[in-house]
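Being a predicted model, the structure only gives us computed values, none of them experimental.
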Amino acid sequence: GTPAGALELWASTAREVVRISETSEVAHAGGVTCICSSQGKGISGGNDGWVKVWSESLECLRSYFVGTRGLSSLAVDLSFSKLACVSNGCLVELVADSGCATTLLEGDGRGQCGLDEKDGTLCTTGAGGFVRLWSSSTRKLRASFDLAGFPSSACAFAPGESTHLAVGVGSGAPSLDVDGKFYILDIVPDDLGGVSLAKINEGHNAKAWISCAAYSPDGQTLALGCADHVIYLHGVNGGTPYELFAVFDKHEAPLRTLDFSSDSSTLRAVCTSNKLLACKAASGDETPLVPKEWASQRCPVGGLVAGDRK
C-alpha cells in the first residue's frame with residue numbers, strides 16, 4: 001500500500017524483487033494505512049475509513065465502510081469470517097459475509113488527557129472532544145458527552161453523594177475562544193441501571209486552557225489549575241453555583257497537578273517547572289507547606305515522593 005492510495009503486488013525471484021501489478025485506480029483516498037491477508041485474499045484499510053478485500057489480481061471483491069476517521073490497524077481470522085480494525089481509537093469487528101460492524105472497545109484516537117475515578121467509574125477526556133464514563137470492573141463504556149469537538153485535558157468527580165462532574169475545555173488554541181472554559185455535567189441514572197451526562201453549568205474565567213481540576217473533600221470548592229499559571233477557586237454551593245471567589249497566582253509556569261488536604265482547608269499544587277506551593281482553600285492566600293494529611297497524592301514532588309513517609 002502506498003501513501004498515494006494505490007495497492008501494488010510484488011514478487012520475488014532468485015535475484016530480485018519486482019512489481020508485477022498495481023491497482024488501476026486509487027484504492028484508498030488519503031493513502032493506504034494497513035494491510036493483511038487470508039485465504040488467498042488481500043485486505044486493506046485506509047485514511048478514507050474503508051476496508052477493502054482484493055483478489056490476487058488486485059480486483060476489489062468487497063468493501064466495508066467503518067467510519068469517517070482513518071484506520072490504523074487491521075486483522076482477519078484464519079477462516080476469513082471476521083475482520084477487526086482500529087479506527088479513531090475504537091476496536092471494530094466486521095462480519096465478512098454481511099459487513100455488519102460491532103464496536104468492541106471504545107477510546108479516543110487522538111489521545112486521552114483527563115482522568116478521574118469514583119466508586120468504580122472512570123472518566124476520561126481527550127483531544128477528540130468527548131467525555132467518556134467507563135465501568136472499571138467490566139471495562140465497558142457507560143456514557144459519553146460530546147464537547148462539540150473541543151479538546152479537554154482535565155476532569156474531576158465531585159465527592160460524596162454529588163453527581164457532578166467538572167470538565168475543563170481547551171488545550172492551547174486561543175483562536176477557538178474555549179481555552180479556560182469549564183463545564184459542569186450531571187450524571188443522570190436511568191431506569192435500566194445506566195447513566196447519561198447532561199450539562200447543567202459552565203464558566204469561563206481562566207485566560208488559558210485548564211490543565212488540572214480537583215474538588216475539595218467537603219465538596220464546597222472546585223479548584224481549576226490552568227496554563228496561565230493561575231489556580232481558580234469556585235464555590236460549588238453558593239448563591240450562584242460555581243461562582244469564582246478567589247485565585248492563587250504565585251506559580252510561574254502552567255499548573256500540572258492539585259491536591260486538597262483531607263480537612264479541605266489547604267490546596268497544594270505543582271506546576272510544569274516542578275515548583276510546589278500551597279494556598280488556603282477559603283481565600284487563595286499563600287500558606288507555608290506544613291505536614292498535613294492529604295486527600296490525594298497527585299503532586300509529583302514533595303516529601304512523599306522524596307521518601308519521607310512520616
Side-chain angles (χ1 to χ4, degrees), residues 113-116 123 125 150-159 162 164-174 178-185 201-238 240-305:
C113 297
L115 174 67
D116 200 14
C123 177
T125 66
F150 298 126
S152 170
S153 298
C155 59
F157 286 108
S162 175
H164 290 186
L165 172 66
V167 177
V169 183
S171 64
V178 296
D179 280 358
K181 180 178 287 189
F182 69 92
Y183 294 158
I184 303 300
L185 306 181
N201 208 330
E202 65 177 83
H204 196 173
N205 299 295
K207 300 177 178 63
W209 56 282
I210 296 170
S211 51
C212 49
Y215 279 91
S216 59
D218 62 9
Q220 297 301 308
T221 303
L222 170 65
L224 300 175
C226 301
D228 60 4
H229 313 173
V230 179
I231 299 172
Y232 296 83
L233 300 173
H234 301 261
V236 174
N237 297 313
T240 303
Y242 290 96
E243 184 177 17
L244 179 71
F245 68 84
V247 299
F248 178 64
D249 58 1
K250 302 302 181 182
H251 280 279
E252 299 177 354
L255 273 299
R256 185 176 173 187
T257 54
L258 303 169
D259 286 320
F260 274 96
S261 60
S262 296
D263 62 5
S264 301
S265 66
T266 307
L267 176 69
R268 67 180 181 182
V270 172
C271 61
T272 55
S273 61
N274 284 338
K275 188 174 183 179
L276 177 64
L277 298 174
C279 70
K280 296 178 180 179
S283 63
D285 295 332
E286 187 173 7
T287 186
L289 279 163
V290 296
K292 271 185 174 294
E293 182 180 341
W294 298 95
S296 59
Q297 299 289 346
R298 297 186 181 95
C299 289
V301 298
L304 181 61
V305 179

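- Between the side chain of S153 and the main chain of S211, no donor-acceptor pair closer than 3.5 Å is present.
- F245 contributes atom CZ, which lies 4.5 Å from atom CG of L233 (distance to the nearest 0.5 angstrom).
- Judged by distance alone, with hydrogens and angles left aside, the side-chain atoms of D116 form a donor-acceptor pair with the main-chain N or O of F157 at under 3.5 Å.
- Shortest non-hydrogen contact noted between T272 and A253 is OG1-CB, 3.4 Å.
- For T287 (side chain) and A278 (main-chain N/O), no donor-acceptor pair under 3.5 Å exists by modelled atom type.
- Contact check for S264 versus P217: side-chain heavy atoms found under the 4.5 Å cut-off.
- Applying the salt bridge (charged side-chain N to carboxylate O under 4.0 Å, His left out) definition to pairs two or more places apart or across chains, none involves residues 240-258.
- Closest of all the heavy-atom pairs between A269 and L258 is CB-CD2, 3.6 Å.
- Ion pairing between a basic and an acidic side chain is recognised when a charged N comes within 4.0 Å of a carboxylate O; K280 and D285 show no such pairing.
- In this structure, the side chain of T125 does not engage the main chain of C155 through any donor-acceptor pair within 3.5 Å.
- Residue pairs satisfying the salt bridge (charged side-chain N to carboxylate O under 4.0 Å, His left out) criterion with at least one member in residues 202-211, sequence neighbours excluded, are listed as follows: K181-E202, K199-E202.
- Closest heavy-atom contact between A213 and L224: CB-CD2, 3.6 Å.
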message = What verdict does the side chain to side chain contact (heavy atoms under 4.5 Å, CB included) test give for T266 and V290, after you've listed the backbone C-alpha separation in whole Å, the side-chain angles of each residue and the deciding distance to 0.1 Å?
response = CA-CA 10 Å; T266 307; V290 296; over 6 Å; no
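- Closest approach of P241 to N201, counting heavy atoms only: O-ND2, 3.3 Å.
- In this structure the side chain of F260 never reaches within 4.5 angstrom of the side chain of D218, judged on heavy atoms.
- Looking at H229 and P254, their side chains come closer than 4.5 Å, going by heavy atoms from C-beta outward.
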request  = Evaluate the side chain to side chain contact (heavy atoms under 4.5 Å, CB included) criterion for residues L276 and R268: first the C-alpha distance (whole Å), next the side-chain angles of each, then the deciding distance (0.1 Å), finally the verdict.
outcome  = CA-CA 7 Å; L276 177 64; R268 67 180 181 182; 4.3 Å; yes
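- Using cut-offs of 30° and 60° on the angle between ring planes, the pair Y242 and F182 is tilted.
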query = Are L267 and C279 close enough, and set up right, to give a side chain to side chain contact (heavy atoms under 4.5 Å, CB included), and what steps lead you there?
reply = CA-CA 5 Å; L267 176 69; C279 70; 4.1 Å; yes
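- Contact record, R298 with D259: N-OD1, 3.0 Å, taken as the closest heavy-atom pair.
- In this structure, Y183 and V169 have side chains that are in contact, with non-hydrogen atoms separated by less than 4.5 Å.
- When all heavy atoms of F248 and H251 are compared, the pair lying nearest together is CE2-CD2, 3.9 Å.
- Taking 4.5 Å as the limit, every side-chain heavy atom of T257 sits out of range of all side-chain heavy atoms of C212.
- In this structure, CG in L222 is found 11.0 Å from NE2 in H164, a value given to the nearest 0.5 Å.
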request  = Applying side chain to side chain contact (heavy atoms under 4.5 Å, CB included), run through H234 and N205 and close with a yes or a no.
outcome  = CA-CA 10 Å; H234 301 261; N205 299 295; 3.1 Å; yes
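- Using a 4.5 Å heavy-atom threshold, the side chains of C226 and I210 count as touching.
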